[in-house]
Engineer: 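Before I ask anything, let me first share the structure, which is written out below as structure tokens.
All values reported here derive from a predicted model rather than from experimental measurement. Counting starts at 1 for both ligands and their atoms, following the listed order.
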Amino acid sequence: MADIQTKYLIIGAGLSGLSSAYQFKMAGETDFCILESRDRIGGRIQTKDAIDFGATWFNDGHSSLLHLIDHLKLEKYRQFNLGKSYFVYSPKAAPQVFEADQNDAPNYRVKGGTISITERLAQELEGKIRLNMLVETIEEHGKKIRVQTKEISYIADKLIVTVPPQLASCLTYQPALPEELIEAMQKTNTWMRNAMKVGIRFKTPFWRKNGQSGILVGQAGPVIELYDHTNYEEDSFALMGFVNESLRELGKEERKDTILTYLKKYFGKEIEEYLSFEIIDWSTDQFTACLNLKPLYMSSAYGNSLFQQFYMDGKLIFSGSETSNNHGAYLEGAVYSGLSVAQKIINSST
Ligand SMILES: Cc1cc2nc3c(=O)[nH]c(=O)nc-3n(C[C@H](O)[C@H](O)[C@H](O)COP(=O)(O)OP(=O)(O)OC[C@H]3O[C@@H](n4cnc5c(N)ncnc54)[C@H](O)[C@@H]3O)c2cc1C
């Protein structure tokens, strides 16, 4: 099949890639497209049955994201935290009970779940996103750049790679990228790549009636953080949180029993009357975690200066939350890097 030509090409339809594409559209560009390996958009944003199994919270410091949410006419609301919360330092001892300080800076969620941000962006980008396109090779092609998927290849003037750096280091580049860049990519931890999230839906928010906030924290138990995950409309009720990674060793049913038995101690028998129970383990997600990477020393620093430069003679640039020197690894970093890299490309093309 002949190469498909496009002016600007973006790899990855997560928040960063979609933000870049949106910036192109806002600047009046029409000749661009996004290649996404999965059969869905969103990347590390994944909302199922009103539960955010990927990214959830943001705050007043996340200005690019807040601006985007406003601009897309989406609504934010505060994370519920009223009532008794628990800190468990040992599952064998009584928990410390506390109440969240209502004067603390709020954490927000988006009405419709975090997926509503990427879905709204995708609505604006109709016809520009190609799903099930796993990019394998990126090669310089004279004044252009060629991107090879299994079946099709694309030729572009400029390319933005938003794949998390560690995973992006596993792609094939011709000519090879500078060694120091590959090393920086391999050392840049993909935030939350090992996270396991649990979402448990209920008919009623019984914990609220019992004067509980739904918050339970403590590294020692099978659930290390738990929160109320009632939706904006208050017609879907859930508890959602992070599972202790030691449960990865257990089978599906054993994990579930361990979690429910633990939560019953703090929230009572009503925990057993759940409507649905699901765990998503991001460490098994081949489009987030680089599964064939040898164990190596990882840095917790994000936004390495090597990610701020163009490669392949000004045709290739990296983006995505981990490359951002502003709130790196967060949703904010994804939006900030996505918008600013697209703007950099627009500026360099005029
Ligand atoms: C469990 C969890 C909880 C989180 N909680 C929060 C939170 O509360 N607040 C917060 O701010 N952030 C949170 N984050 C982080 C947040 O999700 C990320 O910072 C953000 O979504 C990253 O967006 P991105 O576009 O940079 O990368 P990604 O979302 O990873 O997007 C990259 C895209 O590239 C695609 N891709 C990968 N390889 C290829 C390939 N070879 N070819 C084509 N496409 C490819 C992927 O499928 C993906 O869609 C959380 C993340 C997880 C996993």
Side-chain angles (χ1 to χ4, degrees), residues 9-21 33-47 51-59 61-62 64-66 79 107-110 113-115 117-118 121-122 129-138 147-150 152 154 159-172 188-199 225 227 229 240-243 279-291 302-303 307 318-324 327-339 341:
L9 190 60
I10 300 163
I11 306 180
L15 184 58
S16 187
L18 293 167
S19 300
S20 289
C33 94
I34 310 183
L35 304 180
E36 167 56 52
S37 54
R38 299 177 206 251
D39 59 2
R40 63 168 181 86
I41 59 156
R44 275 172 280 167
I45 292 175
Q46 191 178 8
T47 310
I51 298 182
D52 290 322
F53 283 97
T56 309
W57 301 281
F58 50 96
N59 61 45
H62 295 166
S64 316
L65 176 66
L66 288 171
Q79 168 66 43
N107 282 311
Y108 301 112
R109 295 170 53 197
V110 188
T114 319
I115 197 74
I117 308 174
T118 43
L121 285 170
I129 306 169
R130 315 256 187 285
L131 299 176
N132 302 306
M133 289 285 181
L134 175 64
V135 170
E136 294 175 333
T137 304
I138 294 171
V147 168
Q148 196 81 48
T149 69
K150 263 210 162 52
I152 308 175
Y154 285 77
L159 172 68
I160 305 176
V161 177
T162 76
V163 176
Q166 237 170 41
L167 202 52
S169 75
C170 304
L171 301 176
T172 303
T188 302
N189 182 37
T190 308
W191 197 45
M192 295 283 183
R193 54 167 286 203
N194 283 333
M196 276 198 284
K197 256 193 171 184
V198 62
E225 286 180 42
Y227 302 92
H229 205 60
M240 175 277 273
F242 292 90
V243 176
I279 291 179
I280 290 195
D281 181 357
W282 287 86
S283 74
T284 62
D285 181 307
Q286 59 164 320
F287 302 126
T288 296
C290 193
L291 303 178
Y302 294 107
F307 299 141
F318 293 89
S319 179
S321 57
E322 278 77 12
T323 71
S324 180
H327 290 94
Y330 289 94
L331 292 167
E332 169 67 12
V335 176
Y336 180 84
S337 67
L339 298 178
V341 159

Engineer: Which residue owns the protein heavy atom closest to atom 47 (O) of ligand 1, what's the atom, and how far is it?
Structural biologist: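 Nearest neighbour among protein heavy atoms for atom 47 (O) of ligand 1, to 0.1 Å: E36 OE2, 2.6 Å.
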
Engineer: Quiz question: by atom type and distance under 3.5 Å, do the side chains of R38 and T288 form a donor-acceptor pair?
Structural biologist: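 Yes, T288 and R38 have a side-chain donor paired with an acceptor closer than 3.5 Å.
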
Engineer: Are T162 and ligand 1 in contact, using a heavy-atom cut-off of under 4.0 Å?
Structural biologist: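 Judged by the 4.0 Å heavy-atom criterion, T162 does count as contacting ligand 1.
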
Engineer: Quick one: nearest non-hydrogen protein atom to atom 53 (C) of ligand 1, plus distance?
Structural biologist: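 The answer is M192 CB, 3.4 Å.
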
Engineer: Under the rule for salt bridge (Lys or Arg N to Asp or Glu O under 4.0 Å), what residues qualify as partners of E136, not counting sequence neighbours?
Structural biologist: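 E136 satisfies salt bridge (Lys or Arg N to Asp or Glu O under 4.0 Å) with K150 once adjacent residues are dropped.
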
Engineer: Which ligand 1 atoms, with their elements, are less than 4.0 angstrom from a heavy-atom of L331?
Structural biologist: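 The atoms of ligand 1 under 4.0 Å from a heavy atom of L331 are 10 (C), 11 (O), 12 (N), 19 (O), 21 (O).
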
Engineer: Taking 4.0 angstrom as the limit and counting only heavy atoms of A334, give me the atoms of ligand 1 inside it, by number and element.
Structural biologist: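 Near A334, meaning under 4.0 Å from one of its heavy atoms, ligand 1 has 23 (O), 26 (O).
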
Engineer: Nearest non-hydrogen atom to atom 33 (C) of ligand 1 belongs to which of G12, S319, G42?
Structural biologist: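 Residue with the shortest heavy-atom distance to the ligand atom: G12.
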
Engineer: Are any of the heavy atoms in I41 under 4.0 Å away from ligand 1?
Structural biologist: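 The answer is no, since I41 has no heavy atom less than 4.0 Å from ligand 1.
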
Engineer: Does any N or O of ligand 1 fall below 3.5 Å from an N or O anywhere on S16, backbone included?
Structural biologist: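 Between S16 and ligand 1, an N or O pair is found under 3.5 Å apart.
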
Engineer: So, do W191 and Y330 have ring centers that fall under 6.0 Å from each other?
Structural biologist: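 Centroid distance W191-Y330: below 6.0 Å, so yes.
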
Engineer: Report, in ascending order of atom number, the atoms of ligand 1 lying under 4.0 Å from any heavy atom of S321.
Structural biologist: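 Those atoms are 18 (C), 19 (O), 22 (C), 26 (O).
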
Engineer: Does any donor atom in the side chain of S319 or S337 lie under 3.5 Å from an acceptor atom in the other side chain?
Structural biologist: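 A donor-acceptor contact under 3.5 Å links the two side chains.
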
Engineer: Strictly under 4.0 Å, does any heavy atom of W282 approach an atom of ligand 1?
Structural biologist: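 Within the 4.0 Å threshold, so yes.
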
Engineer: Report, in ascending order of atom number, the atoms of ligand 1 lying under 4.0 Å from any heavy atom of M133.
Structural biologist: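 Under 4.0 Å from M133, ligand 1 has these atoms: 42 (N), 43 (C).
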
Engineer: Among F287, F58, W57, whose heavy atom sits nearest atom 9 (N) of ligand 1?
Structural biologist: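 Looking at heavy atoms only, W57 sits closest to atom 9 (N) of ligand 1.
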
Engineer: Is the closest N or O pair between S37 and ligand 1 shorter than 3.5 Å?
Structural biologist: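 Indeed, backbone or side chain, S37 has an N or O that close.
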
Engineer: Select the closest option to atom 12 (N) of ligand 1 among Y302, F53, W191, judged by heavy-atom distance.
Structural biologist: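 Looking at heavy atoms only, the winner is W191.
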
Engineer: Got a sec, which residues hit salt bridge (Lys or Arg N to Asp or Glu O under 4.0 Å) with D52, two or more places apart in sequence or on another chain?
Structural biologist: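 Per chain and number, D52 pairs via salt bridge (Lys or Arg N to Asp or Glu O under 4.0 Å) with no residue.
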
Engineer: Looking only at non-hydrogen atoms, which of A195, A329, S337 approaches atom 18 (C) of ligand 1 most closely?
Structural biologist: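 Among A195, A329, S337, the closest heavy atom to atom 18 (C) of ligand 1 belongs to A329.
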
